[in-house]
Amino acid sequence: MENQSVNDIEAPKMSVLNCIDLSNPDIHQSVSLLKQACLDSGFFYVVNHGMSEEFMDKVFAESRRLFGLPLNEKMKLLRNEKHRGYTPVLDEILDSENQTHGDYKEGYYIGVEVAEDDPEAEKPFYGQNVWPAPGLFPGWRVTMEKFHQEALEIGRAVARIIALALDLEADFFDKPEMLGKPIATLRLLHYEGQLSDPSKGIYGAGAHSDFGLITLLATDDVLGLQICKDKDAKPQIWEYVPPLKGAFVVNLGDMLERWSNCVFKSTLHRVLVNGQERYSIAYFVEPCHDCLVECLPTCKSENNPPKFPPILCQTYLCQRYKDTHADLSRYNKTEA
């Protein structure tokens with residue numbers, strides 16, 4: 001079994017994903033490609049999205065600088081109860097049934113910045129971010145805030161195509177209670193190179209589906225992301241997603257599966273590390289805290305009633321984060 005996992009990495013099975021060009025004037029073609037991708041794998045690339053490769057390279061460089069700090073310095077930026085800041089290696093366990101330890105990755109959360117005295121700051125996923133001291137990395141915060149803003153616009157553009165693919169009005173997800181005031185979270189990720197071995201329960205990131213509406217993922221050129229198109233298959237078949245320079249890999253989240261009554265399904269994915277360092281940048285696009293996620297009118301009928309009860313976005317997300325992250329008190333005990 002041990003050799004099998006190593007061979008898996010050396011002779012990987014590659015997935016072929018549709019590519020959506022956001023600059024394509026033929027919206028019908030884009031909708032058709034996206035719909036096919038959502039029905040097939042729940043993963044696709046977006047290109048010509050408006051964010052320059054030069055800027056994306058700069059964000060990766062700034063991410064490397066942060067993760068290059070000594071651990072004691074990074075722990076000063078430890079995530080808070082609002083999920084802002086640094087997450088150490090093994091902090092998160094995404095597949096508790098199969099993982100021996102937590103994920104062999106470290107991360108850094110950056111959410112929607114809301115002033116401490118703003119009433120909105122009371123909400124679970126709004127508030128002030130945890131930032132490195134300005135003198136440590138000059139311009140770091142400005143770079144990350146710019147990425148956050150530009151990625152949100154890309155997310156909204158993708159959501160418009162998804163709406164059309166679900167026979168809704170293009171601006172369905174643009175409403176104030178949805179992506180007008182979203183919970184949008186940027187997460188820098190670093191895999192240190194711990195060799196993954198599924199037979200021993202060792203993963204860069206355990207198998208999981210994302211929580212929200214959609215996720216935009218930028219990666220470096222190191223192979224690692226795998227998807228499983230049919231999570232119920234036995235055995236499960238895993239395929240690598242090849243990195244594509246300048247593109248975002250987009251995948252559907254569990255919230256969209258609930259909204260669409262399983263017409264579009266969130267897809268199981270994981271990260272296997274082959275001994276090389278790997279960096280990626282995930283951007284999670286989720287609706288407003290008070291958005292009621294309930295079956296879309298175009299996705300139900302007498303013969304196909306809603307499969308999930310309605311649920312508030314913040315209620316759903318809070319539970320999912322609680323289920324997958326270590327309790328913060330663990331770190332207080334470590335310091336004592």
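Reckoned from all heavy atoms, side chains included, excluding hydrogens, waters and symmetry mates.
- Expressed to the nearest 0.5 Å, how far NE2 of His269 lies from CG of Asp210 amounts to 3.5 Å.
- More than 12 heavy-atom neighbours from other residues, nucleotides or ligands sit within 6.0 angstrom of NZ on Lys229.
- The pair Lys245-Asp57 meets the salt-bridge criterion, with a side-chain N (NZ, NE, NH1 or NH2) lying under 4.0 Å from an Asp/Glu carboxylate O.
- Residues Arg187 and Thr87 have side chains that bring a donor and an acceptor to within less than 3.5 angstrom of each other.
- Between Glu145 and Arg141 there is a salt bridge, since a side-chain N of the basic residue sits under 4.0 Å from a carboxylate O of the acidic one.
- In summary, Arg160 and Asp174 engage in a salt bridge, as defined by a charged side-chain N under 4.0 Å from a carboxylate O.
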Derivation of the side chain to side chain contact (heavy atoms under 4.5 Å, CB included) call for Val250 and Phe43
CA-CA 6 Å; Val250 181; Phe43 271 75; over 6 Å; no
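- Classified by interplanar angle (parallel below 30°, tilted 30° to 60°, perpendicular above 60°), the ring pair Tyr86/Phe67 is tilted.
- Residue His28 holds its NE2 atom at 10.0 Å from OG of Ser30, rounded to the nearest 0.5 Å.
- If you run side chain to side chain donor-acceptor pair (under 3.5 Å) between Lys105 and each of Glu192, Glu92, His190, only Glu92 comes through.
- Summarising the local packing, NZ of Lys82 is surrounded by more than 12 heavy atoms from other residues, nucleotides or ligands at distances under 6.0 Å.
- Classification of Arg79 and Asp91 as a salt-bridged pair holds, one side-chain N sitting under 4.0 Å from a carboxylate O.
- Gly206 approaches Gln99 most closely through the heavy-atom pair CA-OE1, 3.4 Å.
- Closest approach of Ser266 to Glu257, counting heavy atoms only: N-OE1, 2.8 Å.
- Using modelled atom types, one finds no donor on one side chain facing an acceptor on the other under 3.5 Å when comparing Gln236 with Asp230.
- With no hydrogens or angles considered, no side-chain donor-acceptor pair links Ser301 and Asn303 at under 3.5 Å.
- Each of Thr100, Asn98, Val273 was evaluated against Tyr203; a single residue qualifies, Asn98, per the side-chain contact (heavy atoms from CB on, under 4.5 Å) test.
- Under the 6.0 Å distance and 45° angle rule, Arg65 does not count as a cation-pi partner of Trp140.
- The SG atom of Cys38 sits 4.5 Å away from atom CG of Leu252, with the distance rounded to the nearest 0.5 Å.
- To the nearest 0.5 Å, atom SG of residue Cys228 and atom CG of residue Leu268 are 5.5 Å apart.
- The SG atom of Cys313 lies 7.5 Å from the CZ atom of Phe125; values are rounded to the nearest 0.5 Å.
- The neighbour count for Lys181 NZ, taken as heavy atoms of other residues, nucleotides or ligands under 6.0 Å away, does not exceed 12.
- The nearest pair of heavy atoms linking Ala151 to Leu216 is O-CD1, 3.4 Å.
- When ring centroids are compared, Tyr108 and Trp131 stay outside the 6.0 Å threshold.
- Within a 6.0 Å sphere centred on CG of Leu136, heavy atoms belonging to other residues, nucleotides or ligands number more than 12.
- Relative ring orientation between Tyr321 and His325 is described as parallel, the plane-to-plane angle staying below 30° on a 0-90° scale split at 30° and 60°.
- In this structure, Glu169 places its CD atom where only 12 or fewer heavy-atom neighbours from other residues, nucleotides or ligands lie under 6.0 Å away.
- Under 3.5 Å, the side chains of His148 and Tyr283 contain a donor-acceptor pair of N or O atoms.
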